[in-house]
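Lettering follows sequence order; numbering is per chain, from 1. What you see is a predicted model; the values in this text were computed from it and never measured.
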There are 2 protein chains.
Amino acid sequence: MLDSAEQKIKEAARKILLVKGFDGSRMQEIADEAGVNKAMLNYYFRSKKALFQMVFMEEFGKLFENMITVLLDDCPWEDKIKAFVNTELNHLLQAPQLPLFIINEMSKNPHLMEEKLKSISVGNVFEMAKTKYEKEIQDGKLRNLPFIQFLMNLQSLCIFPILAKPVLMQISKVSDMEYHNLINQRKALVSELLISYMIIK
Amino acid sequence: MLDSAEQKIKEAARKILLVKGFDGSRMQEIADEAGVNKAMLNYYFRSKKALFQMVFMEEFGKLFENMITVLLDDCPWEDKIKAFVNTELNHLLQAPQLPLFIINEMSKNPHLMEEKLKSISVGNVFEMAKTKYEKEIQDGKLRNLPFIQFLMNLQSLCIFPILAKPVLMQISKVSDMEYHNLINQRKALVSELLISYMIIK
DNA sequence: GTCTATACGCAGATAGAC
DNA sequence: GTCTATCTGCGTATAGAC
């Protein structure tokens with residue numbers, strides 16, 4: 001049943017909550033978006049909080065799926081960086097509200113997600129990627145930079161320009177289309193920047 | 001009157017709103033924090049929205065003051081990058097909620113700040129810095145990268161690790177102290193990364 | 001200027017008919 | 001499963017005494 005009431009509510013909730021956050025969203029608005037009665041939300045999901053947690057878990061999982069797949073792939077790091085940047089920026093151009101949503105809710109309730117993070121083994125994946133990375137350093141192929149700093153650089157350069165879109169557009173007076181072009185430009189620029197710094201020829 | 005009722009309310013509002021945002025903050029909570037009666041907030045600031053706008057304007061101004069000062073300084077770009085990164089990271093370590101607050105509220109209401117942005121001439125400063133930057137490129141001292149991309153790189157590498165602290169701490173299992181050390185490490189790392197990419201020797 | 005009391009509306013949740 | 005009606009509590013804002 002892809003268009004069952006429950007499914008329609010889930011999709012509506014995702015749409016509204018992602019943009020407005022927990023505090024800013026109204027159950028009535030979600031019901032309207034789903035085209036169902038307000039009471040149905042409580043019938044299927046018990047409470048606003050429960051509905052929210054379900055949405056959060058799903059979205060959080062999606063964001064890290066891409067990252068995980070690429071980081072654990074067995075190609076040269078130069079290709080890995082390119083693939084990561086491309087995949088991530090494409091994903092974020094499709095769902096630009098995602099990072100702000102996640103950072104917001106993790107800031108307000110850092111412990112909410114521990115369970116979910118364990119269930120998708122984020123910790124393990126992190127360690128595995130780290131091991132691979134450190135092996136390359138020992139082989140003299142990568143610059144000797146702590147893995148966590150590398151990851152911060154990589155994620156910063158991809159995610160922040162998406163996050164800061166409204167601020168950027170105000171300051172630099174670029175249009176929506178120009179902004180989109182800038183982000184597409186970044187795919188090559190960010191890869192180039194990171195590769196030139198990280199890879200030892 | 002540094003501890004007048006009005007001043008106490010302003011400080012309390014700043015403290016609460018910065019952490020909880022507009023939707024998540026309660027007038028009662030701000031009144032309690034200020035140690036005054038709830039009705040006083042409306043007496044001095046008319047409404048919650050007006051109180052919020054005042055706080056937002058002030059904080060937004062503060063964040064860009066540092067940036068502006070450094071970018072318009074007349075030193076070599078190598079020193080400028082170092083100074084920018086140091087100043088910004090020090091500022092953000094003192095007020096880590098600031099970027100999330102600003103990005104959140106600009107995302108929800110992008111037009112709210114246009115007036116303030118004009119009053120502090122952000123557009124002019126941006127153009128002046130851009131002109132200086134492009135002069136250096138023509139003189140063959142800087143890599144030929146669009147100014148806006150350079151600025152995105154710079155701000156991404158400084159701000160994102162502060163924004164993503166809760167996510168980072170969950171994934172990599174670092175402690176609060178280790179996190180603080182990582183950010184301090186970044187002052188040198190980010191400068192080095194940007195300088196090695198941007199500056200033509 | 002400062003307080004108490006209250007108006008008013010809204011949002012989340014549930015009871016109960018169908 | 002789905003709806004209407006309603007309970008309940010909370011949050012902003014204001015009226016009005018002092």
Quiz question: by atom type and distance under 3.5 Å, do the side chains of A/Ser175 and A/Glu178 form a donor-acceptor pair?
yes
d(OH, A/Tyr43; P, C/dA17) in whole Å
17 Å
Phosphate OP1/OP2 of C/dA13 contacted by A/Asn42 side-chain N/O (<4.0 Å)
yes
Would A/Trp77 and A/Phe84 count as a close aromatic pair, with their ring centres under 6.0 Å?
no
Separation of atom NZ in B/Lys49 from atom C1' in D/dG11, rounded to whole Å:
17 Å
Between C/dG12, C/dG1, D/dT12, spot the one nearest the side chain of B/Tyr44, thanks.
C/dG1
Phosphate OP1/OP2 of D/dT4 contacted by A/Asn37 side-chain N/O (<4.0 Å)
yes
Return the value, rounded to whole Å, for the distance between atom CG of B/Leu41 and atom C1' of D/dT12.
10 Å
For atom NZ of A/Lys15, is the number of surrounding heavy atoms from other residues, nucleotides or ligands below 6.0 Å larger than 12?
no
What's the CG-C1' distance between B/Asp23 and D/dT12, to the nearest Å?
14 Å
B/Ala39 side chain: which of C/dC3, D/dA13, C/dA13 is closest?
C/dC3
Nearest-nucleotide pick for A/Lys48, side chain only, options being D/dA13, C/dA13, D/dT2
C/dA13
Rounded to whole angstrom units, what separation is found between the CZ atom of B/Phe45 and the C1' atom of C/dG1?
14 Å
Contact between B/Gln138 and B/Lys141 at the side-chain level, heavy atoms closer than 4.5 Å - yes or no?
no
Starting at CZ of A/Phe52 and ending at P of C/dG12, how long is that distance when rounded to a whole Å?
13 Å
Given D/dT12, C/dC3, D/dA13, the nucleotide with the shortest approach to the side chain of B/Met40:
C/dC3
Could you tell me the separation between the CD atom of B/Gln28 and the P atom of D/dT12, rounded to a whole number of Å?
9 Å
Please check if the distance between the ring centroids of B/Phe126 and B/Phe147 is under 6.0 Å.
yes
To the nearest Å, how far apart are A/Asp32 CG and D/dC3 P?
12 Å
Donor-acceptor pair under 3.5 Å: do we get one between A/Lys38's side chain and the base of C/dG12?
yes
